[in-house]
Amino acid sequence: MENSPSGPKTEVLPEAECWKYLRSSYIGRLAVINGTTPEIFPVNFVPAEGALYFRTAPGTKLYSLLAGTLVALETDGLNAYSTEVWSVVVKGIPEPVADGNVPLELSDPDREPWESGVKEHLIRINPTEVTGRRFYVQPRTRWWPPQDFSADWI
């Protein structure tokens, strides 16, 4: 196996910069353990007071969160020119939050969930680890072959 040509390396982000990216995003993927099975769910989250908050309805996700085992939430993005990407992962302990203890940041009307329905359970992830990385993207022709849209399978 050949080594890839040298170029810009992946940059490990300091925790303060990870929080900057978390504040710029609101969609993430939440990884939980449901019994012995890993599950991943999209969630709309808000970073506030050094933690991540989101609402959820009863179901597999809530059941897994209430077990109190470690979870991970990942979010990512790219710059306006699609030349630089970043990814942040927050690992932590989930816990339910009483509505009387809601941080002011959670009242942001622009933070609407993608899926409709009542989400009566507020969950806080108390971080045990926050990590992130950023790297430059190679031109698409280097990582994805050109597509033939004239094929019969379309």
- request: Please tell me if the side chains of Trp86 and Glu11 come closer than 4.5 Å, counting only heavy atoms from C-beta onward.
  value: no

- line: To the nearest 0.5 Å, atom CG of Asn34 lies from atom OG1 of Thr69 at 9.5 Å

task: Count the heavy atoms belonging to other residues, nucleotides or ligands that lie under 6.0 Å from NZ of Lys20, then report whether that count exceeds 12.
output: yes

- prompt: Leu66 and Pro96: which non-hydrogen atoms are nearest, and at how many Å?
  reply: CD2-CG, 4.0 Å

query: How long is the gap from CG on Leu65 to CZ on Phe41, to the nearest 0.5 Å?
result: 8.5 Å

query: Which heavy atom in Arg29 sits nearest to a heavy atom in Thr75, and how many Å separate them?
result: NH2-CA, 4.0 Å

task: Verify side chain to side chain contact (heavy atoms under 4.5 Å, CB included) between Ser24 and Trp19, making sure each step is shown before the conclusion.
output: CA-CA 9 Å; Ser24 76; Trp19 283 102; over 6 Å; no

Note, Tyr136 side chain near Val85 side chain (heavy atom, < 4.5 Å): no

task: Please lay out, stage by stage, how Tyr21 and Asp76 fare under the test side chain to side chain contact (heavy atoms under 4.5 Å, CB included).
output: CA-CA 8 Å; Tyr21 282 125; Asp76 49 47; over 6 Å; no

- request: Could you grab the distance from atom CD1 of Ile123 to atom CZ of Arg55, nearest 0.5 Å is fine?
  value: 9.5 Å

- request: List in chain and number order the residues that pass side-chain contact (heavy atoms from CB on, under 4.5 Å) with Ile93, two or more places apart in sequence or in another chain; answer none if no residue qualifies.
  value: Leu70, Thr128

query: Side chains of Val43 and Leu30: closer than 4.5 Å at any heavy-atom pair?
result: yes

field: Atom pair CG/CZ of Asn79 and Arg134 - distance to nearest 0.5 Å
entry: 10.0 Å

- prompt: Any idea which heavy atoms bring Ala57 and Leu62 closest together, and the distance?
  reply: O-CB, 3.6 Å

message: Whether Glu49 and Arg124 form a salt bridge (side-chain N of Lys/Arg under 4.0 Å from carboxylate O of Asp/Glu) is what I want to check.
response: no

- request: Determine whether Val71 and Ile33 fall in the same hydrophobic cluster, where Ile, Leu, Val, Met, Phe, Trp and Tyr are linked whenever their side-chain heavy atoms lie under 4.5 Å apart.
  value: no

- prompt: Can you tell if the side chain of Glu120 reaches within under 4.5 Å of the side chain of Pro58, non-hydrogen atoms only?
  reply: yes

- line: Shortest non-hydrogen pair, Pro127 vs Ala51, comes out as CD-CA, 4.0 Å

message: What's the separation between atom CZ in Phe45 and atom OH in Tyr26, rounded to the nearest 0.5 Å?
response: 10.5 Å

message: Show, in sequence, the C-alpha distance, side-chain angles and deciding distance for Glu95 and Asn126, and conclude whether the side chain to side chain contact (heavy atoms under 4.5 Å, CB included) test is met.
response: CA-CA 8 Å; Glu95 68 176 351; Asn126 298 304; 3.0 Å; yes

- prompt: How long is the span from the CD atom in Glu15 to the CG atom in Leu22, to the nearest 0.5 Å?
  reply: 9.5 Å

message: Please identify which of these residues, Leu13, Val90, Val89, meets the side-chain contact (heavy atoms from CB on, under 4.5 Å) condition with Thr131.
response: Val89

query: Is Phe54 close to Asn44 at the side-chain level, that is, under 4.5 Å between some pair of heavy atoms?
result: no

- prompt: Are a donor atom and an acceptor atom from the side chains of Glu39 and Ser64 found within less than 3.5 Å of each other?
  reply: no

